[in-house]
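See below for the structure under consideration.
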Amino acid sequence: MERENMVKSVSRALDIIQLISLKKGGLGVTEIANQIDINKSSVYRILSTLVQYGFIEQDKITGRYKLGYKFLEISSKLLESIDLREEAKPFLLELEEETNEVIHLVVFDQGEVVYIEKLEGNEVLRMHSKVGKRAPMHCTSVGKAILAHLPANDVIEILDRKGMPMHTDQTITDKDRFLKELIAVKQKGYALDLEENEYGITCIAAPIFDHLEKVVAAVSISGPTMRMSGQRMDELKVRIPEIAKRISARLGHVHANQIM
């Protein structure tokens, strides 16, 4: 019985925290009691405990209760401990199982992308990519996905510094044309590499964002052009942004559609 009461008290405290978090201006004891059907004396005791530990603060003027800064302290520690590769791995495995194609996870570093994870899939596909290897941004789907969400000045600086060398006869080497493509990439939510980096290989990628809404990585699916066409590409154009959003959510990013 004692254990049941203790768990119930924790449950009530969490309900109160959740309720307060939804109200920017805070809530009073009576409002809370009415909304979660707990008597005011119980609500007051719970709030007093939460205030003591810094999870809730009371406005001295209005008397209303708001979230305390303790949550920022805890959330910052959580965000610091997040490992992108580990957080993304279940979603990458999900894509690999669905598609049987090569799945890449890359990060952005010094004007290039760096492969930090590669799943080979079940189909035979020989690619130059490998974990730890760097690749250019202008001719890879992952590079385009990231560039499309960087400030315009940063994009220009990268293109000027790294150049736009031709890797295949499909590589976009005209800066103006490339910048127009980045605008389209941002609007669509995914980027394509149509044999622009390696002959015979088509890739599709989507950007990954962190809790500060900054693009920090990208995820891609790569396969032989003969398999990556028509209806399959239409399906992947929907699927890859979905996976990227789910990975982003694990990094603390809140998508616009999630905001109430």
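Values reported hereafter were calculated over all heavy atoms of this structure, with side chains retained and with hydrogens, waters and symmetry mates removed.
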Legend entry - Neighbour count >12 (heavy atoms, 6.0 Å) for atom CG, D37: no
Legend entry - Minimum heavy-atom distance between A145 and A218, given as atom pair plus value: CB-CB, 4.3 Å
Inset, instruction - Please tell me if the side chains of I16 and L27 come closer than 4.5 Å, counting only heavy atoms from C-beta onward. - result: no
Inset, instruction - Using atom types as modelled and distance alone, determine if a side-chain donor or acceptor of T168 lies under 3.5 Å from a backbone N or O of Q170. - result: yes
Inset, instruction - For E196 and L194, indicate whether the former's side chain and the latter's backbone hold a donor-acceptor pair under 3.5 Å. - result: yes
Inset, instruction - Mind checking the CZ-OG1 spacing from R227 to T99? Nearest 0.5 Å is all I need. - result: 9.0 Å
Legend entry - Common cluster, V185/M164, ILVMFWY with side-chain heavy-atom separation under 4.5 Å: no
Legend entry - Single-linkage hydrophobic cluster, 4.5 Å side-chain cutoff, Y53 and V29 together: yes
Legend entry - Y199 and H167, any side-chain heavy atoms less than 4.5 Å apart: no
Inset, instruction - May I ask you to decide if I116's main-chain N or O and R85's side chain share a donor-acceptor pair within less than 3.5 Å? - result: yes
Inset, instruction - Group every Ile, Leu, Val, Met, Phe, Trp and Tyr by side-chain heavy-atom contacts under 4.5 Å, then state whether F209 and V113 land in the same group. - result: yes
Inset, instruction - With the side chain counted from C-beta on, respond yes when L159 and L179 share a heavy-atom pair under 4.5 Å apart, and no when they do not. - result: yes
Legend entry - I158 versus L147, closest heavy-atom pair with distance: CD1-CD2, 3.9 Å
Inset, instruction - Verify the neighbour count for atom CZ of R177: are there more than 12 heavy atoms of other residues, nucleotides or ligands below 6.0 Å? - result: no
Inset, instruction - With sequence neighbours excluded, tell me which residues meet salt bridge (Lys or Arg N to Asp or Glu O under 4.0 Å) with K175. - result: D160
Inset, instruction - Answer with yes or no whether the side chains of S220 and S141 bring together a donor and an acceptor at under 3.5 Å. - result: no
Inset, instruction - Check the pair L251 / V216 against side chain to side chain contact (heavy atoms under 4.5 Å, CB included), numbers first and verdict last. - result: CA-CA 10 Å; L251 303 184; V216 293; 4.1 Å; yes
Legend entry - Backbone N/O of D109 and side chain of R134: donor-acceptor pair under 3.5 Å: yes
Legend entry - Taking every non-hydrogen atom, the tightest pair across A244 and V219: CB-CG1, 4.0 Å
Legend entry - Any N197 side-chain heavy atom under 4.5 Å of T171 side chain: no
Legend entry - From CD1 (I240) to OH (Y190), nearest 0.5 Å: 12.0 Å
Inset, instruction - Please tell me if the side chains of K237 and I204 come closer than 4.5 Å, counting only heavy atoms from C-beta onward. - result: yes
Legend entry - NZ/K188: more than 12 non-hydrogen atoms of other groups inside 6.0 Å: yes
Inset, instruction - From the options V43, V51, I17, select the one residue that forms a side-chain contact (heavy atoms from CB on, under 4.5 Å) with Y65. - result: V51
Inset, instruction - Inspect the surroundings of CD in E97 and state if more than 12 heavy atoms from other residues, nucleotides or ligands are less than 6.0 Å away. - result: no
Legend entry - Side-chain donor/acceptor of D210 to backbone N/O of K214, under 3.5 Å: yes
Legend entry - Sub-4.5 Å side-chain heavy-atom contact between L95 and I221: yes
Inset, instruction - Report the C-alpha distance between N100 and E96 in whole Å, list the side-chain angles of each, state the deciding distance to 0.1 Å, and finish with yes or no for side chain to side chain contact (heavy atoms under 4.5 Å, CB included). - result: CA-CA 5 Å; N100 292 325; E96 181 188 37; 5.9 Å; no
Inset, instruction - Please tell me if the side chains of M137 and K144 come closer than 4.5 Å, counting only heavy atoms from C-beta onward. - result: no
Legend entry - Reported CE-to-OG1 distance for the pair M228 and T225, which is rounded to 0.5 angstrom: 8.5 Å
Inset, instruction - Determine whether I172 and H138 make a side-chain contact, defined as any pair of heavy atoms from C-beta on separated by less than 4.5 Å. - result: no
Inset, instruction - Could you tell me how the ring of F55 sits relative to the ring of F71: parallel (under 30°), tilted (30 to 60°) or perpendicular (over 60°)? - result: perpendicular
Inset, instruction - For T202 and D193, run side chain to side chain contact (heavy atoms under 4.5 Å, CB included): C-alpha distance rounded to whole Å, both residues' side-chain angles, the deciding distance at 0.1 Å, then the answer. - result: CA-CA 6 Å; T202 291; D193 161 10; over 6 Å; no
Inset, instruction - Please round to the nearest 0.5 Å and tell me the distance separating atom NZ of K180 and atom CG of D174. - result: 8.5 Å
Legend entry - Note: R232-E101 ion pair, threshold 4.0 Å (strictly below): yes
Legend entry - Any donor-acceptor pair under 3.5 Å from T140 side chain to P136 backbone: yes
Legend entry - Passing option when I208 is tested against L105, V215, I146, V142 for side-chain contact (heavy atoms from CB on, under 4.5 Å): L105
Inset, instruction - Provide the closest heavy-atom pair for A33 versus K40 in the form atom of the first, atom of the second, distance. - result: CB-CG, 3.7 Å
Legend entry - CG/N153: more than 12 non-hydrogen atoms of other groups inside 6.0 Å: no
Inset, instruction - Assess whether atom OH of Y44 is packed by more than 12 heavy atoms of other residues, nucleotides or ligands within 6.0 Å. - result: no
Legend entry - R239/E242 salt bridge by N-O under 4.0 Å criterion: yes
Legend entry - Closest contact, heavy atoms only, S42 versus I38: CB-CG2, 3.5 Å
Legend entry - Euclidean distance, E195 CD relative to C139 SG, rounded to 0.5 Å: 13.0 Å
Inset, instruction - Could you give me the CA-CA distance, side-chain angles and deciding distance for L93 and I103, then say whether side chain to side chain contact (heavy atoms under 4.5 Å, CB included) is met? - result: CA-CA 8 Å; L93 289 169; I103 309 300; over 6 Å; no
Legend entry - Nearest-0.5 Å distance, CD of residue Q52 to CD1 of residue I56: 13.5 Å
Legend entry - same_hphob_cluster(I156, I183) at 4.5 Å side-chain heavy-atom cutoff: no
Legend entry - Sequence neighbours excluded, every pair satisfying side-chain hydrogen bond (donor to acceptor under 3.5 Å, both in side chains) that has a member inside residues 15-36: E31-R64
Inset, instruction - Identify the two heavy atoms, one from G189 and one from P241, that lie closest to each other, and give their separation to 0.1 Å. - result: O-CG, 3.8 Å
